[in-house]
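Single-structure report; data block below.
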Amino acid sequence: MTRLTQLLPLTHVRVGLDITSKKRAFEEAGLLFEELYGLSRASIADSLFARERLGSTGLGHAVAVPHGRIKGLKNPLLAVFLLDEPIGFDAPDELPVKLMFFLLVPEASTQRHLEILANIAGLLQQKEAREGLLTCASAEQLHERVLGGVDLQLS
């Protein structure tokens, strides 16, 4: 059974990032996972962009959930970024994005991937929870609020 606490350690949470574009956000996520797990940052950015070409992962309300499949990855990985200033993301409500949940899953992942996305979306659909996440002042605070707001258990 996978718990969100296993998917989102504090080292995967960044607050106050000065990122000015979707491209730069994807590169920064790739850099994070490269530094922590030795994954190829270029492969991560390419995977995120490949998914984005199918349709924006911007959900609206200043949040996005970019996600991609990574060849050779054994378990899902999750990171959360809260930007200093929102960036354009082609979200359905046309609002720029400030909060980003990056999900990487193994290439063959199907049901597990969808369950994780559904749980993240469930948290982000709750107005009070979403607004609380958008106002966090530190990585520790954002981490605590995410973990307190999502009950994610997958087999």
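These values consider heavy atoms only, across backbone and side chains, with no hydrogens, waters or symmetry-generated copies.
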What pair of heavy atoms forms the shortest contact from [X] to [Y], and how long is it?
| X | Y | result |
| --- | --- | --- |
| Lys23 | Phe49 | CA-CZ, 3.4 Å |
| Leu123 | Ala129 | CD1-CB, 3.6 Å |
| Pro76 | Leu7 | O-CD2, 3.3 Å |

Using the side chain to side chain contact (heavy atoms under 4.5 Å, CB included) criterion, which residues pair with [X]? Sequence neighbours excluded.
| X | result |
| --- | --- |
| Glu131 | Lys127 |
| Leu31 | Glu28, Glu34, Glu35, Arg41 |
| Thr135 | Arg145 |

Out of curiosity, [X] [atom1] to [Y] [atom2], how far, rounded to the nearest 0.5 Å?
| X | Y | atom1 | atom2 | result |
| --- | --- | --- | --- | --- |
| Leu77 | Leu39 | CG | CG | 6.5 Å |
| Ser40 | Ile44 | OG | CD1 | 7.0 Å |
| Leu99 | Leu59 | CG | CG | 9.5 Å |
| Leu133 | Glu144 | CG | CD | 11.5 Å |
| Ile70 | Phe33 | CD1 | CZ | 9.0 Å |
| Leu114 | Asn119 | CG | CG | 11.5 Å |

Contact between [X] and [Y] at the side-chain level, heavy atoms closer than 4.5 Å - yes or no?
| X | Y | answer |
| --- | --- | --- |
| Phe101 | Leu124 | yes |
| His12 | Val80 | no |
| Phe26 | Asp46 | no |

In this structure, would [X] and [Y] fall into the same cluster of hydrophobic residues linked by side-chain contacts under 4.5 Å?
| X | Y | answer |
| --- | --- | --- |
| Val15 | Ile19 | no |
| Ile116 | Leu8 | yes |
| Met100 | Leu32 | yes |

Original post:
Can you list every pair that meets salt bridge (charged side-chain N to carboxylate O under 4.0 Å, His left out) and has a residue in residues 50-75, with sequence neighbours left out?
Top reply: Lys22-Glu52

Original post:
Step by step, would you call Leu82 with Leu17 a side-chain contact (heavy atoms from CB on, under 4.5 Å)?
Top reply: CA-CA 7 Å; Leu82 182 59; Leu17 294 172; over 6 Å; no

Subject >> Pairing residues for Ser21 by the side chain to side chain donor-acceptor pair (under 3.5 Å) criterion, not counting sequence neighbours >> reply: none

**OP:** Identify, with sequence neighbours excluded, every residue that meets side chain to side chain donor-acceptor pair (under 3.5 Å) alongside Ser47.
**Re:** none

Can I get a per-line list of side-chain donor-acceptor pairs under 3.5 Å for residues 83-98, giving both atom names and the distance, sequence neighbours left out?
from  : atom 1 : to    : atom 2 : distance (Å)
Asp93 : OD1    : Leu95 : N      : 3.0
Asp93 : OD2    : His61 : N      : 2.6

Original post:
Got a sec, which pairs hit ring-ring contact (aromatic ring centres under 6.0 Å, His included) with one end in residues 63-82, sequence neighbours left out?
Top reply: His67-His113, Phe81-Phe102

Subject >> Check ion pair Glu27-Arg24 (N to O, under 4.0 angstrom) >> reply: yes

Original post:
Stepwise, does the side-chain contact (heavy atoms from CB on, under 4.5 Å) test hold for Asn75 with Arg112?
Top reply: CA-CA 10 Å; Asn75 295 299; Arg112 191 174 190 195; 4.0 Å; yes

